[in-house]
Amino acid sequence: MELASWNVNSLKVRLPQLLEWLIVRQPDIVCLQETKLEDAKFPRLEIEAAGYSVAFAGQKTYNGVALLARQPLVDIAIGNPYFPDPQQRLIAATIGGIRVICAYVPNGQEVGSEKYAYKLAWLAALARWLREEVAEYPHLAIAGDFNIAPDDRDVHNPVVWAGKILCSEAERTAFRALLDCGLKDSFRLFDQPEKSFSWWDYRMLGFQKNLGLRIDHLLLSTPLAQRCTASLIDREMRKHERPSDHAPVITVLEP
DNA sequence: ATGGCATTGTTTCAATGA
């Protein structure tokens, strides 16, 4: 079974691509970020018609997360109890015995900025909550746009990006703190091609030149990591007309 | 140091993203 995560950068714009991808790829569980839609405008019927149950938490213009699954979604929870936040960045549900959390981590804008402080506080609260969730749900996955490149090999030009937003030491430490809750980065369970990225800047022919970062991740609890047989990035989606700047990331779990 | 590109809405430019 396949678990996928994709920052769509506007579900309104990307809906036709999403529906085509659901039909072709048939992922079992999908985490979406940056839907940028109020709940009243969420395209529930179109996605249900493609064979998926949905849960979503959105807002106008920014942020917004959603969960799609072939099986029913139960015990849906929005947000982090330790970090009340008007920005819709977290939604969780239990799907076929797996607790799935969909996350859109703040961008942070610039190291040292107010938004950077918000990002680090948000991540600290996430770790606090995640530690409890992993204890409560041994079969847990958290997937989404983490807005952190965990390692220099996740950066096309580590020298240029050194210390910059998405790559700073405090952000990487915060990412390791998430792993320390008992999670594995599913992508690194396997040998992977060099220069594997999940996001490329729209500008300067970023994708064509593979000037990217790996900032979208699927983290698995130990029992799920043991079931994981593959992990990949679906670069084809970034080649579409009017693509999202992010490609979907996918992990495969044996039943 | 800035813009480069895409998306949104209090739109015809500013804010935000990464």
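Each chain gets a letter, A, B and so on, in the order the sequences are listed, and its residues count up from 1.
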Strictly distance-based, threshold 3.5 Å: is any side-chain N or O of A:Tyr137 a donor or acceptor partner for the main-chain N or O of A:Val100? no

Identify, with sequence neighbours excluded, every residue that meets side-chain contact (heavy atoms from CB on, under 4.5 Å) alongside A:Ile78. A:Ala57, A:Gln88, A:Ile91

So which protein nitrogen or oxygen atoms get under 3.5 Å of nucleotides 14-18 of chain B's nitrogens or oxygens?
{"unit_1": "B:dA18", "atom_1": "OP1", "unit_2": "A:Glu34", "atom_2": "OE2", "d": "2.7"}
{"unit_1": "B:dA18", "atom_1": "OP1", "unit_2": "A:Tyr104", "atom_2": "OH", "d": "3.3"}
{"unit_1": "B:dA18", "atom_1": "OP1", "unit_2": "A:Asp145", "atom_2": "OD2", "d": "3.3"}
{"unit_1": "B:dA18", "atom_1": "OP2", "unit_2": "A:Tyr104", "atom_2": "OH", "d": "3.1"}
{"unit_1": "B:dA18", "atom_1": "OP2", "unit_2": "A:Asn107", "atom_2": "ND2", "d": "3.3"}
{"unit_1": "B:dA18", "atom_1": "OP2", "unit_2": "A:Asn147", "atom_2": "OD1", "d": "3.4"}
{"unit_1": "B:dA18", "atom_1": "OP2", "unit_2": "A:Asn147", "atom_2": "ND2", "d": "2.9"}
{"unit_1": "B:dA18", "atom_1": "O5'", "unit_2": "A:Asn107", "atom_2": "ND2", "d": "3.4"}
{"unit_1": "B:dA18", "atom_1": "O5'", "unit_2": "A:Asn147", "atom_2": "OD1", "d": "3.4"}
{"unit_1": "B:dA18", "atom_1": "N9", "unit_2": "A:Asn107", "atom_2": "ND2", "d": "3.2"}
{"unit_1": "B:dA18", "atom_1": "N7", "unit_2": "A:Asn107", "atom_2": "OD1", "d": "3.0"}
{"unit_1": "B:dA18", "atom_1": "N7", "unit_2": "A:Asn107", "atom_2": "ND2", "d": "2.9"}

What's the CG-C1' distance between A:Leu37 and B:dT7, to the nearest Å? 12 Å

Rounded C1' spacing from B:dT11 to B:dA15 in Å: 12 Å

Any side-chain hydrogen bond (donor to acceptor under 3.5 Å, both in side chains) pairs touching residues 100-112 of chain A, not counting sequence neighbours? A:Glu34-A:Tyr104

Which residues pass the side-chain contact (heavy atoms from CB on, under 4.5 Å) test with A:Val13, sequence neighbours left out? A:Ser10, A:Arg242

Taking the same atom, P, in B:dA1 and in B:dT12, what whole-Å distance lies between them? 30 Å

For A:Arg25, side-chain contact (heavy atoms from CB on, under 4.5 Å) partners two or more places apart: A:Glu2, A:Trp21, A:Pro27, A:Leu232, A:Asp234, A:Ile250

So the salt bridge (charged side-chain N to carboxylate O under 4.0 Å, His left out) pairs with at least one residue in residues 44-60 of chain A (sequence neighbours excluded) are A:Arg44-A:Glu48

Can you tell me how far C1' in B:dT10 sits from the matching atom in B:dT16, rounded to whole Å? 16 Å

